[in-house]
Amino acid sequence: MTAPKLMPLAIGLFAVGVLAIVAVFVLFAAGYGDLPVWLNVAATYLPAVGLGLGIIAVIRKSRQKKS
């Protein structure tokens, strides 16, 4: 996947992950303690994966300009 195609994917994954984090905090503050596993997994891994893909996309884009 090229850098221009990778960056929107990275931004989307990061944004969905941050929304999942906000949902976890809101639900916990509302008194829900037994949250679904998929929500906890999304809040844990999606921001990290999105950030990692974003870093990879930026590095690949900067190396393409130098060549």
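For the single chain, residues carry numbers from 1 onward in sequence order.
- Rounding to the nearest 0.5 angstrom, the gap separating the CG atom in L51 from the CD1 atom in I56 is 10.0 Å.
- The shortest heavy-atom contact between G54 and A10 is N-CB, 3.4 Å.
- Using a 4.5 Å heavy-atom threshold, the side chains of L6 and K61 count as separate.
- Other members of the hydrophobic cluster containing V37, listed by chain and number, are V41, Y45; membership follows side-chain contacts under 4.5 Å among ILVMFWY residues, whether direct or relayed.
- Residues that satisfy the side-chain contact (heavy atoms from CB on, under 4.5 Å) test with V16, not counting sequence neighbours, are L46.
- The distance from atom CG of L39 to atom OG1 of T44, rounded to the nearest 0.5 Å, is 9.0 Å.
- The side-chain contact (heavy atoms from CB on, under 4.5 Å) check on L35 picks up V24, L27, Y32, N40, with sequence neighbours excluded.
- A single hydrophobic cluster is seen to contain both L9 and V49, as judged by linkage of ILVMFWY side chains at heavy-atom distances under 4.5 Å, directly or through other members.
- Hydrophobic clustering, defined by side-chain heavy atoms of Ile, Leu, Val, Met, Phe, Trp and Tyr closer than 4.5 Å, groups F25 together with I21.
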